[in-house]
Amino acid sequence: MVAVRALLKTRRTGLALYGTAMALLPLMFSNDYYVKVLIILGINILIVLGLNLLMGYAGQVSIGHAAFYGMGAYASAIVTTKYGMSPWFGLLASIILGGIVAYGIAIPTLRLKGHYLAMATLGFAEIVHVLFLQLKDITGGTDGISGISTLSIAGFLFDSPQKLYILVWIVVMAGLIISINLANSRVGRALRAVHGSEIAAASMGIDTAKYKIQIFVLSAVFACIGGSLYAHMAGFVSPDSFTLGVSITLVTMVVLGGMANVWGAIIGASTLTILEEYLKGYEDFNMVIFGLILVLVMVFMPQGLYGAGTRVIGLIKRRFKLIPDTAGEESAAS
Amino acid sequence: MPLLEVKNLCKQFGGLTAVDNVDFRVYTDQIKAIIGPNGAGKTTVFNMLTGVDKPTSGKIVFEGIDISGKKPHVITGLGISRTFQNTQIFKNMSVVENVMVGRHIRTKNGMLKCMIGLRSARIEDSESMDKACSLLKLVGMEKKANKSADDLPVGERHLLEIARALATEPKLLLLDEPAAGLNNEETGKLAEVIYKIRGGGVTVLLVEHDMSLVMDISDEVVVLNFGEKIAEGPPLLIQQDGQVIQAYLGQAVEHA
Amino acid sequence: MHFDQFLQYLISGITSGSIYALIALGFTLIHNSTKLINFAQGEFVMLGGLIAISLYSAAGLPLIIAIPISIILVAIVGIVFERLAIRPLRNSSNITLIIVTVGVSILLKNVAMILWGRDPQSLPAFTGDKPIALFGATITPQALWVIAVTVITVVLLQVFYKRSIVGKAMKASAINPPAANLMGINTSNIVMLSFAMSAGFGAMAGVLITPISMTGYSVGGFLGLKGFAGAVLGGLDNPVGAVLGGVVLGIIESLSIGIIDSGYKDAVAFFILLLVLFIRPSGILGDKVREKV
């Protein structure tokens, strides 16, 4: 129990440190462009946190989360531009749309395992992408939708990147706290049990189907919120932003950081978002490097950056006899 | 009334009959064993008792309720829990977390409460933790609580599965070859654990190949061969049963 | 729809269906030897087409030489892929393997973009492009090539499975790898061979389709997915089923253009894929699988 308390304490310290760092970060940049990058980073972190709960914890692969990201963005865009409603209704509409579609698709999809599930989510995302392109009356086809209004609270407009950043940052922190709480709770253990051995999980009384569906919906809602925030920041959405490549980038972020670890998700999303910015000038090499990262990480450090990092730290500590010689310290999740 | 009553249970996979018209009863506070050569259908019986496989025909009545064909998590809720022949521990968790998963069915905070981290969820969690620790103590693994389950040797995996199964507060515990991979000393410890479990008011039904263990601890033994029950009774009688001896010597058993 | 119109759609459906069938065959080969689904399958098709184009137009080789060299080179890519990325991970989890093949697919696709550029390119038809009239519809000689090569490949593959020692070994290791291993079959070589063959079939599909629909760096994704949809439709563990599934998918897709907007053509294939996955994931001719505890 003492060990558990200590763990809780480090968890809170980590959270507080990270929160403060995120809040101070935009002060370092006077340039709006960098703040926009930080907003994109926040959105990516939010989506990857959700996807990590689904993939890392529950062990269900989705190569289709760009579809939910896109649905969130389009729902916001359509509600605000076509019906002239408040952007908050847009956000609400994204969450509701994403939740319902995710629920509907989860019921048949999550009966599938492993590769089949991955392919099904991929197929689903491709259909959604075709719909973005083809339902021209609603989505504007390849041109997309522009003129999406910015968010505001009681007359306070989030009309500059700095202001919007605050909102995104609050949402990301909420997502982070939710993830951490969930990961170390009864439900989080049930999800990991489904990942570890579905048959044993069921034999422990876990309604595996129910939890798989719930976590799929939750991760989809995270992605939809991300999409909605994106739409209101960019003021413009088009099918190009929600392709298979985006789904794969999101998966890469989860894997690179280290699956089944909340901080891993943050590390993965941050590393790749920043790398993507750096590589903007060499657009052709961008995806080559992503592909290489995926393969190399899987072959050489399947635990991801977080896992590799903790292992290295463990080795150093052991080398200098800072802790007694025991294995398996890094097992407990975040 | 028996705790568990199995009536005319049959299971076919394609054209193959894995379990053929099997009957038996388990009474409260018994330790009962199912034995038989490989492929006799023992694990299939367990799979049907726990809802992993659906019976082709026949009935399974537990505490007066027909549970045949019910989903695994429902059956666990009613009070049957199990371990696995090829151990199915959660390698992605620590030892104590594995046992805490067993508390799932007896706790109730859902997704929303856990997400927000409500006080009730945290209180429930620390209760689960206490319970899990005491169960680890029961099987003699309290020192390994924070180790990764993946690092455990085979013998301890079986013990961990027992602790995890007990965490669901079963009335009936099914053990599928718990002594597989254990040395003599470990098997001795296992027998003690099983006695302790029965002492705690849990009925035990086990599948086991280790005959000395079975004959030592069981009150009654059911013998399966090619999916059929060929004998049932106290260990002493079973040991003298001609048909059983024949089946175990590997000779073809001539059915009438 | 008039009959001749219908026939025209049918012909083009069978043609693209044959391409899907070859790709589907690649999926079953790898799935049978490793139980994994290779997300990079479509990239073999793309590579086959593009390499043949370079050998033909840049190196000036005649088609009859350029084509086999291209197929062999892609088969080598398949072997290297297996050696470097799959073999080191053979004891890893499903997720790991899925992600590795996804990674390889992105890698191949984008390396191809750097090497060959963004514009799709073409090959001349193998034997001219004078259409042949057929009951009011027409069929191009290249389409005949596609269909004929696919049929011959499938027949040869069956003979290979039934008659040759290697083919039998492949079949045995698909059914029960440990047992096959005990019988002295080197299952790890079988896995490598299946990657080589699978890549080769993909390249063949790429070479065949290039004169009809051009090949660019990005065609692999959709072609791979459709091949997979075909394989799932017929049964992922059954080569004959996969081929039939591929052809049927091609026909449905082609006929759907006649009925609904062609913009939805790609969605049709994925819709069928989802439908089959949900209703009967083992496919029409596939075996049902059970998990052993």
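Throughout, protein chains are lettered first and strands after them, A, B, ... in sequence-line order, and every chain is numbered starting at 1. Small disclaimer: the values here were computed from a predicted structure and weren't measured.
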For residues 206-215 of chain A, give me every residue with a non-hydrogen atom less than 4.5 Å from any non-hydrogen atom of chain B.
A:Ile206, A:Asp207, A:Tyr211, A:Gln214, A:Ile215
Taking all non-hydrogen atoms of both residues into account, name the closest pair between B:Pro178 and B:Val207 and its distance.
CD-O, 3.6 Å
Which atoms of [X] approach chain A - backbone, side chain, both or neither, heavy atom under 4.5 Å:
X        : value
B:Arg106 : neither
B:Lys108 : backbone
B:Thr168 : side chain

Whether over 12 other heavy atoms sit under 6.0 Å from B:Lys137 NZ:
no
Does the side-chain hydrogen bond (donor to acceptor under 3.5 Å, both in side chains) test come out yes or no for B:Arg122 and B:Asn109, once each step is laid out?
CA-CA 9 Å; B:Arg122 278 180 285 138; B:Asn109 278 292; over 6 Å; no
Taking C-beta and beyond as the side chain, do [X] and [Y] meet within less than 4.5 Å on heavy atoms?
X        : Y        : answer
B:Glu161 : B:Phe84  : yes
B:Gln88  : A:Met204 : no
B:Ile116 : A:Asn181 : no

Checking A:Pro302 now: which residues fulfil side-chain contact (heavy atoms from CB on, under 4.5 Å) with it, not counting sequence neighbours?
none
Count the heavy-atom pairs under 4.5 Å between each of [options] and chain A, then report the option with the highest count.
options                      : answer
B:Cys114, B:Pro72, B:Gly77   : B:Cys114
B:Lys71, B:Lys91, B:Met111   : B:Met111
B:Arg103, B:His104, B:Met115 : B:His104

Mind ranking A:Gly59, A:Gly196, A:Ser179, A:Ala174 by heavy-atom pairs under 4.5 Å with chain B and telling me who comes out on top?
A:Gly196
Any chance the side chains of B:Thr83 and B:His158 put a donor and an acceptor closer than 3.5 Å?
no
Would you check, one step at a time, whether the test salt bridge (Lys or Arg N to Asp or Glu O under 4.0 Å) holds for B:Asp125 with A:Arg189?
CA-CA 11 Å; B:Asp125 236 38; A:Arg189 280 188 299 275; 2.8 Å; yes
Is the side chain of A:Arg186 donor-acceptor paired with the backbone N or O of B:Ala121 at a distance under 3.5 Å, no angle test?
no
Atom group of A:Leu218 that falls short of 4.5 Å from chain B, counting heavy atoms
side chain
